[in-house]
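Take a look at the structure set out below.
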Amino acid sequence: MAEITISLPDGSQRSLVEGATATTLAESIGSRLAKAAVAAVVNGEEWDLGRELPADATVAIITADSDEGRHVLRHSTAHVLAQAVIQLFPGAKYSIGPAINDGFYYDFELPDGRTFNEADLASIDARMREIMKANQPFVRDELPAADALKVFADQPYKCEIIERVSTGAADNDDATEVGSGETISVYRNTPEFVDLCRGPHVPGTGRLGHFKLMKVAGAYWRGNEKGPMLQRIYGTAWESKAALDEHLHRLEEAEKRDHRKLATELDLLSFPQELGGGLAVWHPKGAIVRKLMEDYSRERHTNGGYQFVFTPHLANANLFETSGHLGWYKDGMYPPMEMDNGTYYMKPMNCPMHCLIFRSRQRSYRELPLRLFELGTVYRYERAGTLHGLMRIRGFTQDDSHIFCMPEQAAEEIKSLLDFVISVLKAFGFTDFTANLSTKDPAKYAGDDDAWDVATDALRAALEDYGLEYKIKEGDAAFYGPKIDIDVKDAIGRTWQLSTIQYDFNLPERFELEFVGADSARHRPIMLHRALFGSVERFFGVLVEHYAGAFPAWMAPLQAKVLPVAAAHQEYAEHVAKRLEQEGFRVDVADANDQLGKRIRAAKMEKIPYVLVVGDDDMAMNTVGVNPRGGEVERGVGLDEFVARLHDEIAGQLANV
RNA sequence: GCCCAGGUAGCUCAGUCGGUAGAGCAACGCACUCGUAAUGCGUAGGUCAGGAGUUCGAUUCUCCUCUUGGGCUCCA
């Protein structure tokens, strides 16, 4: 029998009998690998394990515990979901069902406008498990488009995809369903159930099983608001029960950290219905944290060479006509107010106002870079369905800066900006940063190509100089200039986009900004937009979730609570509290009206960094019993010693930048 | 804006196959004065989101509105 030679990722080679598949290969390497295998990469393309390998191929086995492997599991599980729904809901139409982060979904249209409910999920889940138990094979087939149309004759969504693909009009949505090429690939599980798919898939449904259907949602067909609304079922799927359980546990943890829940529990802020959607009021404890954030930001900006400005919340429509916002962003602005023979709008951004400050008098190149900073509150009419606690809100405060500089200063300025931004973020406990560099959208941009190149290079050079890992988002820039976005990873591994540094060619033009150069001629400055928190509200929400409400001592609403053991110790407790207050700490006394255990519990639920218990021994020795958040109780700590430790702790938290 | 699910005490929730409601925690009062995560007893607290309809009677059923949550779309 003829043999073929296969190259492996480590550069080694193996001989296999002609007709061998990736399964054969995996088995020849080891039984463990064969067991973990779900698909293979053959000459750079993802393939099913069961396809016959060509001679001289380079093959890598994809195992279930890799990102690619989980992707295959999820996509295969989505097919099983579709089969179960088709069986349980005769006449249902299925559209698309891709793998996504942590799971998969599938969109359906049910007969007579029926919708899924919770009970349906249970019965679909049960049917899916039967299909998996039956270990149906995933059989790949490739058909000409005309034949595929016949196979899917009663599936209008599938036919639409086939037609788009065969006429060369396929887009990203279609790409998970079918590959490019002359023929349409399909995967068949049973004589009755076949789905359009590019693959690859696991060899059989028995390979699946660690999944959970999560929820039902509406979703537009092809994301088109005007198109039909389909019924989407979301699920998650993993390579093992342990991995699935871990994922579900992570979701529970995330839910416990939800800033809206913690905001209520810790009495930080609320969203009263009377205010209207997307608007918050800050309670005293939330306000302390916010004020500390803002004070810290102001201090850093003062030291960083920024000049503080204030601007109003309302402006005449003329301003937003000049800036262009009314032209391209009107839908995102609150409706106009007619008054004083003019039209006024709430400001959705601070930049036009800062341009007016720059333009208020003649500027010299000696003043540049001119860095204006404002905690500026803006109002944006976010659509009702998009509001989400502090993360998506209608009135919010940007830590907004606009830097006006000469084009030749921009590169240096961006470099130091990046340093500044990351240093401040570190003070809030973030350690893991990545960046995105958004480049020109060739179809929509202002300014000349050279300027774009210079700007993009300046941003790229800053990222590389800093050594920050970054991805390039081609064509994702705003039309007025390229930008850097900075993502941070929080305590449970979620990423949040926070800071942004944007280059702007447009507003200096629109406002006709000028400075007098060393050559006595007038020149146009470059403008950099920069927000560090992004929105103070959103950043606060991210911090609440990052710390799960347990703020580090420097920004905790209360840093210590003093608990007298009994009423006889009340006076000493107040003495301790007073001393701590004199040291500048935020402290409170819990009177001995309740049992000690109960007061400790209450203080712990408030997530106060230090609970200080004082009794007879402490009165005699001028000490405190220290019960730190998340640590061991320590009796008999000298009051001076505790004060010194807390000062050190706070200094340490802010020094790590 | 669209699809789905909700809205009952400050919070978390139960309940009423149609006869105007209940628990735990919190609050308040009394007793207990206690050394590291819930002492006991008691009191008060609700137009059951709002409106209309059906009904002898609606918190419960129907419709509309508002609003919250999960998604979709959107986020210059």
Side-chain angles (χ1 to χ4, degrees), chain A residues 105 107 109-110 113-118 120-121 214-234 255 258 260-261 264-267 270-278 320 323-333 348-349 351 380-389 391-394 441 444 476-480 483 497 502 504 506 529 534-535 538 563-570 591-606 611-619 624-629 631-636:
Chain A
Y105 67 79
D107 288 348
E109 183 183 81
L110 298 182
R114 189 188 182 305
T115 56
F116 292 119
N117 58 40
E118 291 285 311
D120 294 333
L121 285 189
M214 304 299 285
K215 58 200 167 199
V216 183
Y220 297 108
W221 168 234
R222 295 174 58 72
N224 175 7
E225 266 189 276
K226 306 281 186 287
M229 173 70 75
L230 304 177
Q231 290 279 305
R232 174 171 298 180
I233 295 178
Y234 281 94
E255 201 175 319
D258 189 310
R260 294 163 301 182
K261 188 176 148 80
T264 304
E265 285 173 12
L266 301 176
D267 197 16
S270 58
F271 296 89
Q273 290 198 5
E274 295 85 339
L275 264 185
F320 299 118
S323 71
H325 287 102
L326 275 175
W328 73 75
Y329 190 60
K330 196 170 182 184
D331 289 348
M333 291 169 66
M349 288 191 167
C351 12
R380 299 182 185 182
Y381 180 71
E382 303 287 359
R383 297 167 82 185
T386 66
L387 300 173
H388 181 87
M391 303 306 184
R392 192 81 180 268
I393 194 170
R394 282 178 172 163
D441 179 351
K444 189 182 138 198
D476 208 44
F479 72 90
Y480 54 75
K483 63 171 177 175
Q497 195 206 93
Q502 303 193 356
D504 189 347
N506 183 52
H529 302 247
S535 130
R538 181 165 179 276
L563 278 55
V565 171
H569 315 114
Q570 183 77 25
D591 298 350
N593 292 330
D594 280 314
Q595 281 196 319
L596 181 61
K598 183 171 182 173
R599 284 177 287 144
I600 288 172
R601 181 165 196 272
K604 292 287 179 187
M605 307 259 275
E606 281 185 69
V611 175
L612 303 178
V613 175
V614 295
D616 289 335
D617 300 351
D618 300 298
M619 276 175 71
V624 292
V626 179
N627 185 338
R629 187 176 59 200
E632 295 292 311
V633 172
E634 189 181 356
R635 290 278 297 269

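Every chain is numbered from 1, with letters handed out A, B, ... down the list of sequences.
The side chain of A/R260 places an N or O atom within less than 4.0 Å of a non-bridging phosphate oxygen (OP1 or OP2) of B/rG70. For A/K215, a side-chain nitrogen or oxygen approaches OP1 or OP2 of B/rG71 to under 4.0 Å. Within the 4.0 Å cut-off from OP1 or OP2 of B/rG35, not a single side-chain nitrogen or oxygen of A/H569 is found.
B/rG40 and B/rA52 have their C1' atoms separated by 50 Å, given to the nearest Å. Across B/rU60 and B/rC28, the matching C1' atoms stand 33 Å from one another, rounded to whole Å. Separation of the C1' atoms belonging to B/rC30 and B/rG69 is 42 Å when rounded to the nearest angstrom. Annotation: B/rA23 and B/rU62 have their C1' atoms spaced 31 Å apart (nearest Å). Rounded to whole Å, the P atom of B/rU33 lies 49 Å from the corresponding atom of B/rG70. Comparing B/rU59 with B/rU20, their P atoms are spaced 11 Å from each other, to the whole Å. Nucleotides B/rG6 and B/rU16, compared at atom P, are 15 Å apart to the nearest Å. Atom P of B/rG15 sits at a distance of 11 Å from the matching atom of B/rG7, rounded to the whole Å.
Across all strands shown, B/rA31 forms a Watson-Crick or G-U wobble pair with B/rU39, both key distances being under 3.5 Å. Across all strands shown, the partner of B/rA23 is B/rU12, judged by Watson-Crick or G-U wobble contacts whose two distances both fall under 3.5 Å. Both distances falling under 3.5 Å, in either a Watson-Crick or a G-U wobble arrangement, occur for no nucleotide opposite B/rC75. Within the shown strands, nothing qualifies as a pairing partner of B/rU60 under the Watson-Crick or G-U definition with both distances less than 3.5 Å. Figure legend. B/rC17 is base-paired to no nucleotide; pairs are counted as Watson-Crick or G-U wobble with both atom distances under 3.5 Å. B/rU54 is unpaired under the criterion used here, namely a Watson-Crick or G-U wobble arrangement in which both key atom distances are under 3.5 Å. Under the Watson-Crick and G-U wobble criteria, each requiring two contacts below 3.5 Å, nucleotide B/rA44 is left unpaired.
Not a single donor-acceptor pair, N or O on each side, falls under 3.5 Å between the base of B/rG71 and the side chain of A/Y220. Applying the 3.5 Å distance criterion, the base of B/rG35 shares a donor-acceptor pair with the side chain of A/D618.
Residue contacts shown for A/A219 are limited to sugar-phosphate atoms, with no base heavy atom under 4.0 Å away. Among the protein residues, A/F271 comes within range of no part of the nucleic acid, since none of its heavy atoms lies under 4.0 Å from any strand. Here A/D331 lies out of heavy-atom contact (under 4.0 Å) with every strand. Among the heavy atoms of the strands lying under 4.0 Å from A/I600 is at least one base atom, whether or not backbone atoms are also near. In this structure, A/K598 reaches the sugar-phosphate backbone alone: every heavy-atom distance under 4.0 Å involves primed, P, OP1 or OP2 atoms, never a base. As judged by a 4.0 angstrom heavy-atom cut-off over every strand, A/G615 is placed among the base-contacting residues. Within 4.0 Å of A/G277, counting heavy atoms only, lie sugar-phosphate atoms of the nucleic acid but no base atom.
Sequence order on RNA chain B of the closest nucleotides to A/R232 and A/N627 puts A/N627 first from the 5' end. Comparing A/D617 and A/E265 by the nucleotide of RNA chain B whose heavy atom lies nearest to each, the residue mapping closer to the 5' end is A/E265.
Between the CG atom of A/L563 and the C1' atom of B/rA37 there is a distance of 11 Å, rounded to whole Å. The CD-P distance, from A/Q231 to B/rC2, rounds to 16 Å in whole Å.
Proximity note for A/T264 (side chain, C-beta onward) versus B/rC11, B/rG70, B/rU36: the nearest is B/rC11. When distances are taken from the side chain of A/R601 to each of B/rG70, B/rA37, B/rU39, the shortest belongs to B/rA37.
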Between the protein and nucleotides 74-76 of chain B, list the N/O to N/O atom pairs that are separated by less than 3.5 angstrom.
{"from": "B/rC74", "atom 1": "O2", "to": "A/R392", "atom 2": "NH2", "distance (Å)": "2.8"}
{"from": "B/rC74", "atom 1": "N3", "to": "A/R392", "atom 2": "NH1", "distance (Å)": "3.3"}
{"from": "B/rA76", "atom 1": "O2'", "to": "A/W328", "atom 2": "NE1", "distance (Å)": "2.9"}
{"from": "B/rA76", "atom 1": "N6", "to": "A/Y329", "atom 2": "OH", "distance (Å)": "3.1"}
{"from": "B/rA76", "atom 1": "N6", "to": "A/R380", "atom 2": "NE", "distance (Å)": "2.8"}
{"from": "B/rA76", "atom 1": "N6", "to": "A/R380", "atom 2": "NH1", "distance (Å)": "2.8"}
{"from": "B/rA76", "atom 1": "N6", "to": "A/R380", "atom 2": "NH2", "distance (Å)": "3.0"}
{"from": "B/rA76", "atom 1": "N3", "to": "A/W328", "atom 2": "NE1", "distance (Å)": "3.4"}

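Side chain of A/R394 to main chain of A/Y381: no donor-acceptor pair is present (N/O by atom type, distance under 3.5 Å, no hydrogens or angles).
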